[in-house]
Colleague: 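My structure is below; once you've seen it, I'll send some questions.
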Amino acid sequence: MKTERRRDLFFILYISAIIIMAVIYFTVPERMSFLENQLKWWGQMLDIIRGGG
C-alpha cells in the first residue's frame with residue numbers, strides 16, 4: 001500500500017509539473033532553449049526514478 005501511495009504522489013507531481021511547464025512554455029519568448037532544457041531535465045528525472053524505484 002505504501003508503494004501505491006508513492007506512485008500516486010509521483011503521478012500527481014508529474015501532472016502538476018507538466019501543467020506548470022506548459023504555462024511557462026507559452027509565456028517564455030525563447031521556447032526552443034526552454035524545451036531543450038526541459039527534455040534534459042526529464043531524462044535525468046526518469047533515470048533517477050528508474051534507478052531508485
Side-chain angles (χ1 to χ4, degrees):
M1 183 172 251
K2 192 173 188 178
T3 58
E4 288 180 23
R5 285 187 179 182
R6 179 186 279 179
R7 288 183 184 170
D8 290 344
L9 179 62
F10 278 132
F11 182 73
I12 290 169
L13 290 174
Y14 178 75
I15 295 298
S16 300
I18 289 174
I19 292 170
I20 290 169
M21 284 189 301
V23 169
I24 292 171
Y25 175 78
F26 289 112
T27 59
V28 172
E30 298 109 11
R31 291 182 180 160
M32 287 309 290
S33 63
F34 176 76
L35 186 60
E36 289 172 3
N37 289 334
Q38 289 306 309
L39 290 174
K40 287 179 190 176
W41 186 86
W42 281 108
Q44 293 172 354
M45 179 62 90
L46 286 174
D47 289 340
I48 291 170
I49 290 173
R50 289 179 184 159

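Side chains are part of it too, since the values below use all heavy atoms of this structure and drop only hydrogens, waters and symmetry mates. Note that the coordinates shown come from a computational prediction; the quantities given were computed from them, not determined experimentally.
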Colleague: Who pairs with Ile15 by side chain to side chain contact (heavy atoms under 4.5 Å, CB included), at least two apart in sequence or on another chain?
Modeller: Phe11, Ile19

Colleague: Out of curiosity, Ile49 CD1 to Arg6 CZ, how far, rounded to the nearest 0.5 Å?
Modeller: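 Here the interatomic distance stands at 10.5 Å.
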
Colleague: Atom CE of Met45 and atom CG of Asp47: how far apart are they, to the nearest 0.5 Å?
Modeller: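 The CE atom of Met45 sits 11.0 Å away from the CG atom of Asp47.
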
Colleague: For residues Ile18 and Phe10: do they belong to one hydrophobic cluster (side chain heavy atoms under 4.5 Å, members Ile, Leu, Val, Met, Phe, Trp, Tyr)?
Modeller: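 No.
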
Colleague: Could you pull out all donor-acceptor pairs under 3.5 Å where a side-chain atom in residues 35-44 meets a protein atom, sequence neighbours excluded?
Modeller:
| residue | atom | partner | partner atom | Å |
| --- | --- | --- | --- | --- |
| Asn37 | ND2 | Ser33 | O | 3.3 |

Colleague: Hydrophobic cluster membership, with links at side-chain heavy-atom distances under 4.5 Å among I/L/V/M/F/W/Y: are Tyr14 and Ile12 in one?
Modeller: no

